[in-house]
Protein chains: 4
Amino acid sequence: MRARTFTESGRRAQIVRAAIVVIAEAGYAKASFSRIAKQAGLSSTGMISYHFAGKDDLLAACVTEIEEITGAFMQPRIDAAVGHVAQLRAYVESNVDLVGEHPTEVRALIDLVKNAGSRSESVYGRLALFEEHFRTGQAAGAFGPLDARTTALAFTAGLDAVVATAAAAGTGPAELTRIGRELADLYVRATAPETTGEPE
Amino acid sequence: MRARTFTESGRRAQIVRAAIVVIAEAGYAKASFSRIAKQAGLSSTGMISYHFAGKDDLLAACVTEIEEITGAFMQPRIDAAVGHVAQLRAYVESNVDLVGEHPTEVRALIDLVKNAGSRSESVYGRLALFEEHFRTGQAAGAFGPLDARTTALAFTAGLDAVVATAAAAGTGPAELTRIGRELADLYVRATAPETTGEPE
Amino acid sequence: MRARTFTESGRRAQIVRAAIVVIAEAGYAKASFSRIAKQAGLSSTGMISYHFAGKDDLLAACVTEIEEITGAFMQPRIDAAVGHVAQLRAYVESNVDLVGEHPTEVRALIDLVKNAGSRSESVYGRLALFEEHFRTGQAAGAFGPLDARTTALAFTAGLDAVVATAAAAGTGPAELTRIGRELADLYVRATAPETTGEPE
Amino acid sequence: MRARTFTESGRRAQIVRAAIVVIAEAGYAKASFSRIAKQAGLSSTGMISYHFAGKDDLLAACVTEIEEITGAFMQPRIDAAVGHVAQLRAYVESNVDLVGEHPTEVRALIDLVKNAGSRSESVYGRLALFEEHFRTGQAAGAFGPLDARTTALAFTAGLDAVVATAAAAGTGPAELTRIGRELADLYVRATAPETTGEPE
DNA sequence: GATGAATGAGGGTTCATTCAT
DNA sequence: GATGAATGAACCCTCATTCAT
């Protein structure tokens, strides 16, 4: 007997799944309740309003659902990495590889994040995570004299763009791995300490 | 009697100005003809349809107008720079400084670019420009072993994010200059050739 | 639980009825959703769009509804007639008599057919029916040396005009019967075989 | 020095010509001032409102213009015919032949007549002409025991339908002549006196 | 006389949400 | 709980007409 997450309970999960598919395929702007209801096989949009407090609530549920899925894929690889540099690399590479595993979710999440509005907690969360990572890594000597906030901002946005482009293009696994490595290389070079001899 | 530019004829320019303000303040999604007409002091939306072939036409005019303004600010500084690295730095720094001069236009352009659709010529144009710059710079020995496409994608997106955040926060000129330099430093470090001694 | 026909579900039927009345009274060109909604006692046009896929869908439903009504009146009389000539006469006379029973529907149908567009199936259907009737009747010796296509075209149009005029004038039943007989006489004379002695 | 007709004076004629073309090609419903102005090479619809009292005025001018053209083609052939029957035949045949000479005008006129409204003088004029023709012809023994009003109604409508179909199909001259003869035959047979030996 | 910018009502349609059943 | 009909505002756009220049 385990806890029921909020996307369980059948109907809610069904609607969230449908919404994710619609956002990925038709885009955020076209993701109306009508379209989502049709995708979910529901006869009316009232069903959605019944299960969710409003559109924001549904979209927030989508974000949470997608983050669970992406987290399950990325987190183990990030956790397996040792040191600030390796973790940065693991985050970037696993995020790009993710496109091959969950293209629909990735596409939807990118659209959701672009049109963030009030659901931006997760965006700021990741941004804060990166910023903190650069700051502590800098203190540990892993990173050079960078501005943590600016770097976090530029890197997360750059990563999103690469991922979004790959998702839209339907890039294959091998090429994704190559692109991920290239991007990670770029970020590692950009943040490398000036002196040789990395302490970590 | 001279040729009429697209934003001339008074009303057209007035509407484009209003549209830019609305997009900057209310966001792309909320930029309806009603809102734009109200901002422009027009009594009806019919006026907008009278001067523009459709919403796409108006938005394209906004993009063109903004690009003229931003180009007038950035281009001289980019042209004054010598060498691939200096030009990259000039582009980044002048783009961030631009926020202090034209915050509304910058905010609007970023929103317009995000919801590009068919008006994406300018987006792809800049992307292609960056990619080509990295490729030729690489051949000239100014840049290291980077993947031109991935780097162009990540850097333009990162730059946009930094600019957008600064624009939204109302960052002051001095801080903008500092952030611009930090970001340029980051990009220069990321793309530096491995060996010492830059040919250019 | 039985299948739902297209005009069932109350509201749909109500809207179709209102649309027929509006078309009959104000004409096809003026039959806007606003007018129809007002006629139906609805507070907004959105209700119509909710029940019909679009204006074409509503108009098609009107045509179908009217054809059911007219068919129920005319078909028994046509079926009761024996021989090509008698059937032609029955069609014409019952169609003119129909004006007395369902003037609104007749007026609406004629306007709908005039502005057919894509809903012209019923028009072409009747035309083809007439043409085929003349062709087979000719082979059976019931009709003379006529051009089936031209005759079908001229007769259906002539019948419509007579019906439309009678409907507009509010002609009474007795006069309708007389006019119908006159028109049928005209058509029968026009198509009579040259030789005496009708085989059928 | 001759009298100036109302469609002369250059601009008026130009607009009427454009309107006729638009009605013929795009249909009555799509014949807006914008479309007509564009067809006429005018930069604004104001020009049309300046020269015509309103849309009805313009459309009436179109009808008059077209009737002048069609009259010039048909009238000589009708006048050349001797006797009621021959004149009926001449009217029908020359009207169908007219499609080959002035397809645009014919198409436009048919659309104008269908959506007659207040411009129906010409329609009623022709109808009255036919009715009178049948009545006098009947008195002269040229026609049989027909109802003049019903026959006039059915025949003019039938003729219009044949003409409209031929115009829409782009039927060639030879086929037009054949169809015209078939239709005239039909009408002549329908109206023939019962006894043999025509007095006229 | 001629122009074209401006008007404002109305077009069909989509939308998120509500509520009686 | 679950449903789907109903709502009414807002969307972009087209229209015939007017009026200052």
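The sequence lines fix the lettering, A, B, ..., with proteins before strands; numbering per chain opens at 1. Note that the structure is a prediction, hence the values are computed from the model and not measured.
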> So, do C/Pro103 and C/Arg107 sit near enough that their side-chain heavy atoms are less than 4.5 Å apart?
Replying inline: yes
> Could you state the NZ-C1' distance from B/Lys38 to F/dC11, rounded to the nearest angstrom?
Replying inline: 14 Å
>> Does a side-chain N or O of B/His51 approach OP1 or OP2 of E/dA6 to a distance below 4.0 Å, or not?
In response: yes
>> Show me the dot-bracket string of DNA chain E, counting Watson-Crick or G-U pairs under 3.5 Å, with | for pairs to another strand and [ ] for crossing ones.
In response: .||||||||||||||||||||
>> Does a side-chain N or O of C/Arg11 approach OP1 or OP2 of F/dA6 to a distance below 4.0 Å, or not?
In response: yes
> Side chains of B/Tyr28 and B/Leu59: does their closest heavy-atom pair fall under 4.5 Å?
Replying inline: yes
> Do A/Asp160 and A/Arg126 have side chains that get closer than 4.5 Å, going by heavy atoms?
Replying inline: yes
>> When you compare the side chain of A/Val16 with that of A/Thr64, does any pair of heavy atoms fall below 4.5 Å?
In response: no
>> I need a per-nucleotide contact map over nucleotides 16-21 of chain F, read 5' to 3'. Cutoff is protein heavy atoms under 4.0 Å; write B for the base, S for backbone only, - otherwise.
In response: SBB---
> Is any side-chain heavy atom of D/Arg12 closer than 4.5 Å to a side-chain heavy atom of D/Ile15?
Replying inline: no
>> Can you confirm whether B/Arg35 sits close enough to B/Gln39 that some side-chain heavy atom of one is under 4.5 Å from a side-chain heavy atom of the other?
In response: no
> Heavy-atom distance under 4.5 Å between the side chains of A/Gln14 and A/Arg11, does that happen here?
Replying inline: yes
> B/Arg12 CZ to E/dG4 P: how many Å, rounded?
Replying inline: 16 Å
>> Can you list everything that forms a side chain to side chain donor-acceptor pair (under 3.5 Å) with A/Arg17? Sequence neighbours excluded, please.
In response: A/Glu105
> Taking for each residue the nucleotide of DNA chain E bearing the nearest heavy atom, is the 5' side occupied by D/Leu42 or by B/Leu42?
Replying inline: D/Leu42
>> From CZ of B/Arg35 over to P of F/dA10, roughly how many Å is that when rounded to an integer?
In response: 9 Å
>> If I take atom CZ in residue D/Phe52 and atom P in nucleotide E/dA2, what distance separates them, rounded to the nearest angstrom?
In response: 13 Å
> F/dA5 C1' sits how many Å from C/Ile48 CD1, rounded?
Replying inline: 15 Å
> So do D/Glu65 and D/Ile69 actually touch side chain to side chain, heavy atoms under 4.5 Å?
Replying inline: yes
> Taking atom C1' of E/dG10 as reference, at what distance in whole Å does atom CD1 of C/Ile36 sit?
Replying inline: 14 Å
>> Output the rounded distance in Å from CG (A/Leu58) to P (E/dC15).
In response: 14 Å
> Rounded to the nearest Å, what distance is computed from the CD1 atom of residue A/Ile15 to the C1' atom of nucleotide F/dG4?
Replying inline: 14 Å
